[in-house]
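Numbering of ligands and ligand atoms starts at 1, following listing order. All of these numbers come straight from a predicted model, not from anything done at the bench.
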Amino acid sequence: MCCLFVLAARTSTKSLVVLALFLGQPNHGGQFCSEERSFGVAVVLLFFLIIHSKTSSPPESEEATGTEQQVQQKHPIPPKKKVPDLIVSTPATTPATTTPSPPARDEFLGPPECVKKKLIRASCGLVFCPPWERCIEGQCSCKPPYMCPTENVNSVCGQDHKKYRSFCQVMALSCRTKKPLMSHFGSNCDASYSKFSSLINGDTGVVKVFIPNKEQPENNEELLVCSEQWEMTAANVVCREHGKSLGAATIGVHEEPSQQKCVSFRCQGYETSLAECVISNKTMREKVATVTCYDASQAKNDEQCGFLCANTKCVSLNQTCDGVDDCGDRSDEMCCKQCRNNGFLCKTGVCLHKDSLRDEQIDCLDGEDESEKHPTLDIRARSAAHQPPTKAVSEYISPKEEMRASRQHLEGQLHCGVPNMTTVDNMNEQERSSHRVKRVVGGVPANPTQIQWQIALEEHKKIDCGGAYIGGCWVITAAHCVRPSPRAFKVKFSLWKKSRAQDTTDIVPVEEIRIHPKYNPSSYENDIALVKLEKLPFKDKCLEDNPAVSAVCVPWTTHLFKPNYTCSISGWGRTADGRASQVLLWANVSLIDNCERFYGDRFKPGMMCAGDLQGSVDSCQGDSGGPLVCKDELGVSYLWGIVSWGERCGQPGFPGVYTQVAHYFEWIRIHTGWSTVTRFNA
Ligand SMILES: [Ca+2]
Ligand SMILES: [Ca+2]
């Protein structure tokens with residue numbers, strides 16, 4: 001299949017003329033249409049002339065239809081098929097007018113179509129898995145314990161009197177057996193040492209814990225739980241520890257006439273025992289925490305229940321969307337429009353506990369909870385948490401450091417999405433004299449080393465397609481740009497002028513081309529291909545270190561960026577005068593949802609739209625296969641789309657269509673391996 005070129009022009013009257021033309025017809029044998037190309041160029045010019053003549057007067061609808069027909073004749077229209085429903089979850093959108101029965105309308109919880117999906121803690125399209133789990137097909141799954149990091153970790157004693165290397169390792173084992181295993185941090189674990197235990201008083205509901213003192217076993221302590229920080233999250237954990245799978249029903253306060261020694265627990269919700277939570281602030285109090293565990297017989301039917309958790313537990317409506325895991329499976333926090341009680345709303349609609357803000361762990365997919373625009377609530381508490389658990393006075397037992405180390409270890413495996421700014425700045429300096437580049441929206445020349453993941457795909461000495469470098473030996477492009485003959489292709493890194501290499505340009509031969517097995521050249525479904533680069537001689541890498549080349553991150557979830565988000569596209573897009581741009585161009589585009597409204601059933605799952613509904617040339621810049629890149633809240637760039645096809649772009653109602661990269665995450669991961677494609681949930 002050959003060549004979708006997107007052509008764009010900007011006329012003096014600001015009418016924007018754009019054509020998407022297929023040069024030649026789709027074919028099956030992977031033949032490339034070099035002969036049709038000159039004919040195609042003539043057609044391009046002809047179309048340009050037709051359209052250009054119409055831009056001087058306001059277009060009438062009949063004329064527009066005529067143009068559409070002409071264009072569509074060039075566009076292969078697949079046979080009419082029933083379009084499968086596109087799965088687009090947009091918790092941020094307003095609920096449909098027909099609201100299903102419960103849950104009742106609430107200004108915090110919703111929308112209902114999200115609630116119906118029964119999303120939980122393990123729904124890793126929306127949240128992160130803990131370090132001992134990885135995300136497979138949208139669900140967190142237990143990892144083998146050996147995959148836990150081994151540096152900067154503290155040993156842990158298990159309830160089985162065995163010593164384990166790290167918190168992560170114990171949790172990975174617990175994850176598989178679904179039974180509590182952790183007792184306490186320490187290395188003296190044999191049977192002569194006591195273990196962590198907890199007790200719920202059958203009459204009062206008062207929670208008592210026994211915490212081994214790893215330094216001085218003679219100072220082992222029996223303590224109550226202080227009521228100040230006592231929340232449902234921790235109450236659920238202690239009930240689960242005692243065999244109540246649905247956790248706690250209520251929490252409360254018990255007052256004693258005299259002061260008692262107590263500690264506070266802060267849990268995340270995934271724990272199988274209070275031993276795995278942060279234990280802090282040993283103090284004296286008259287008021288202590290109580291719990292009553294949830295009995296399955298307490299279950300109410302749908303009408304009586306304020307909110308029915310995914311695990312069938314019933315909680316009240318005002319327990320939803322407050323950042324506290326009341327359900328025990330987090331299902332009460334997954335579909336929110338706003339958060340109660342100072343919870344923090346991620347753009348994915350998940351409410352976080354207020355303590356998750358600026359705690360140095362990314363909790364929102366886009367990192368917004370760690371963005372500098374949010375002030376830290378308690379800087380002192382944070383710096384105390386930085387110290388090793390043994391030295392911290394208040395948090396005397398805490399897996400937080402371990403969690404942080406594990407996440408850092410995992411997330412530090414891959415560097416992507418952050419260009420090398422030194423290179424950009426240096427090159428800018430060099431180019432400043434000859435090219436004064438104004439950074440405005442809309443197809444402006446890039447700086448020579450600005451878009452460091454952009455590649456040019458050269459086929460038989462001709463560049464018709466772009467692509468994106470995702471790290472290792474891998475490049476992603478559109479399936480319609482390639483055919484399975486690696487020798488015909490070369491990948492050009494850090495190319496700026498299309499026809500002339502710059503100092504930083506690297507040209508790498510291709511070893512293999514993997515086209516998506518379900519790519520359909522007539523409908524452009526699954527228009528994605530992986531290009532595997534040839535290794536350097538006697539080396540285990542495919543390109544020499546190049547400060548002007550950086551990998552872009554591969555998004556692992558379709559929830560990372562929402563409609564209307566501004567992203568950028570780049571390529572050597574052609575202009576209406578038929579000539580390709582000599583230098584790499586870039587432009588801003590917005591993500592557009594419900595693209596069926598523009599393209600009907602030609603818009604398929606795995607496709608995505610972007611552009612400008614007002615009709616701007618921006619959406620058409622860039623060659624096929626080129627990257628559409630979105631930046632998250634921490635400045636990390638993700639390859640969100642691949643330029644695939646478009647029609648009459650630049651006119652209202654015809655946004656550019658892109659391959660939605662996140663939709664193909666599993667396919668990409670299987671071919672390239674975890675370490676190439678993702679920092680998170682791996
Ligand atoms: Ca809640
Ligand atoms: Ca956080």
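- A donor-acceptor pair under 3.5 Å is absent between the side-chain atoms of Ser123 and the main chain of Gly125, judged by distance alone.
- The closest approach of Asp322 to the Ca ion (ligand 1), by N/O/S atoms, is made by OD1.
- With salt bridges taken as basic N to acidic carboxylate O contacts below 4.0 Å, one links Glu228 and Arg285.
- Counting just the N/O/S atoms of Asp326, the one with the shortest distance to the Ca ion (ligand 1) is named OD2.
- With hydrogens and angles left out, the side-chain atoms of Ser371 and Glu633 include no donor and acceptor closer than 3.5 Å.
- Within Glu370, OE2 is the N, O or S atom that lies nearest to the Ca ion (ligand 2).
- As summarised for Cys114 and Cys335, their two SG atoms come within a distance smaller than 2.5 angstrom, satisfying the threshold.
- Note on Asp359: its N/O/S atom closest to the Ca ion (ligand 2) is OD1.
- Here Lys287 does not pair with Glu256 in a salt bridge; the nearest charged N to carboxylate O distance is not below 4.0 Å.
- Salt bridge Lys347/Glu368: present, at least one basic N to carboxylate O contact under 4.0 Å.
- Using cut-offs of 30° and 60° for the angle between ring planes, the Tyr664 and Trp667 rings count as perpendicular.
- Checked against the Ca ion (ligand 2), the N, O or S atom of Asp363 at the shortest distance is OD2.
- Within Glu333, the N, O or S atom lying nearest to the Ca ion (ligand 1) carries the name OE2.
- Backbone or side-chain N, O or S atoms of Gly323 do not reach the Ca ion (ligand 1) at under 3.0 Å.
- At the Ca ion (ligand 1), the vertex angle linking OD2 of Asp332 with O of Val324 is 80° (nearest 10 degrees).
- Taken together, Cys321 and Cys336 meet the criterion of an SG-SG distance shorter than 2.5 Å.
- Residue Asp325: no N/O/S atom is found under 3.0 Å from the Ca ion (ligand 1).
- For Gln319, the nearest N, O or S atom to the Ca ion (ligand 1) falls under 3.0 Å.
- Between Asp329 and Lys313, none of the side-chain N atoms (NZ, or NE/NH1/NH2) sits under 4.0 Å from a carboxylate O, so this pair counts as no salt bridge.
- The minimum distance between the Ca ion (ligand 2) and any N, O or S atom of Asp369 involves atom OD2.
- Rounded to 10°, the angle formed at the Ca ion (ligand 2) by O of Gln361 and O of Ser356 is 170°.
- Residue contact annotation: Glu360 places no N/O/S atom under 3.0 Å from the Ca ion (ligand 2).
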